[in-house]
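Here's the structure, in structure tokens; my notes come after.
Chain letters run A, B, ... following the sequence lines, proteins first and then strands; every chain starts at 1. No experiment lies behind these values; they were computed from the predicted model shown.
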Amino acid sequence: MTPAAEKIRRTLEPLARAPIPDDADASLFELGVLDSFGLMDAVARLEEVFGAKVPDADLTPRRFETLAKIEAYFTARAS
Amino acid sequence: MAHLAGLGHALPERVVPSPELAARLGVTEEWILGACGIRERRWISDGETAASLAERAARTALSRAQLTPAQLGAIVVGTGSAPRAFPGVSADLQRLLGAPGIPAFDVPLASVGGLFALALAVDLCPRTGPVLAAGAEEMSRVLLRAPLSKETAILFGDGAAACVVAPGDGPIAVVDVRLGSDGTFADALALSPGGPLVMDGRTVILQASRKLPAAIRSVLEPQGLSPADADLYVLHQANLNLLRGVARALGIGEERLFVNVDRVGNTSAASVLVALSEAAEQGLLRPGSRVVLAAFGAGFSWGAALLHVAG
């Protein structure tokens, strides 16, 4: 697991309403890990953790639906 | 700029408690409370419409402003559930009030419609004289024409509110109003004629949680104010969880939030004006206080207003 992936798991853990999946491509929404408000809080905390602001135009759920998408997005934003 | 000369609101008689809705939807009351914090909402019954509620609200607002319908210069109604594509609820309200001849039109932006109506009234009133800005909804009619969806049925309530906006100084000054829209998200919250309500809840929440704090700062910062300088926040009562998220984003305590979403649900375009009218009735618009209004709705569209109560 990459350091970014570990950071994401640690960030999501307190917000998760169901176990965070091992499969990085599993939908966090379909598994019930993040509801609408969990997603809202998750994005805010991930912005702090990665030191990267998500522009309003990028604030769509599909960008943050899986652990892999979250990692790809914030890795790109932070670089 | 302009001032608020009178406020009023009207809610349907019929109370729909969350346990009743939970049974219909196959969910628990606890699930509803966790999802939105709404314990009960009001739905219209036979004979009640958005326009009839708006008339009640308008007559209260006019009475408090010590005006008659004949003294109005325009009528602007925010709504998302007008029973006809055109003319809008404003036409029915104008007829019910008996105020022909002045311009009357709708702002079909659902949850932000009441705030847009107020903003338009602020700009119109120097030319037309006092303007009636209203928000009026019969969302239950929309919800009930398709199989109830738990995502939307738990949220919405019916209601109306009205505000007389008059030019010049007065007891509640409108210091500033800022509005915005982004049509990129037009399909994320939409209602086609006769169709079901379409709501991409995750996108709505993500965007609202960003746009509402930004809109609020946009009316405070030009005055040299920070969120801590506002005494009362009267926000669109979309969902208790969203209200709390906005408070966290602004770094203010929840005690500064006016909350009635638990009792009346999300009354969409009427919401922010119903909340402001209730806050006024409860004596919360204290002399010298700064009050922030903010709303987010279809479009997406959003906005905020800064009010100052005369000291």
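Considering only heavy-atom pairs separated by less than 4.5 Å from chain B, the leading option among Asp35(A), Leu34(A), Val54(A) is Val54(A).
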Please tabulate, for the side chains in residues 109-118 of chain B, all donor-acceptor contacts under 3.5 angstrom to protein atoms that are two or more places apart in sequence or on a different chain.
residue   : atom : partner   : partner atom : Å
Ser111(B) : OG   : His236(B) : NE2          : 3.3

Cut-off 3.5 Å, no hydrogens considered: what does the side-chain donor-acceptor table look like for residues 255-262 of chain B, sequence neighbours left out?
residue   : atom : partner   : partner atom : Å
Arg256(B) : NH1  : Ala228(B) : O            : 2.5
Arg256(B) : NH1  : Ala230(B) : O            : 2.7
Asn260(B) : ND2  : Glu278(B) : OE1          : 3.1

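Looking at Thr184(B), there are no atoms closer than 4.5 Å to chain A (heavy atoms on both sides), in backbone or side chain. Neither the backbone nor the side chain of Ala249(B) comes within less than 4.5 Å of any heavy atom of chain A. Contact annotation for Asn239(B): only side-chain heavy atoms (C-beta onward) come within less than 4.5 Å of a heavy atom of chain A. Using a 4.5 Å cut-off between heavy atoms, Arg248(B) touches chain A through its side chain atoms alone.
Rounded to the nearest 0.5 Å, atoms CD (Gln207(B)) and OG1 (Thr60(A)) are 8.0 Å apart.
For Leu206(B) against Pro61(A), the heavy-atom pair with the smallest separation is CD1-N, 3.8 Å.
Within 6.0 Å of atom CZ in Arg39(B), 12 or fewer heavy atoms from other residues, nucleotides or ligands are found, so the atom counts as exposed in its surroundings.
When the heavy atoms of residues 36-47 of chain A are compared with those of chain B, the residues falling under 4.5 Å are Ser36(A), Phe37(A), Leu39(A), Met40(A), Asp41(A), Val43(A), Glu47(A), listed by number. At a heavy-atom separation below 4.5 angstrom, chain B is approached by Phe29(A) within residues 9-31 of chain A.
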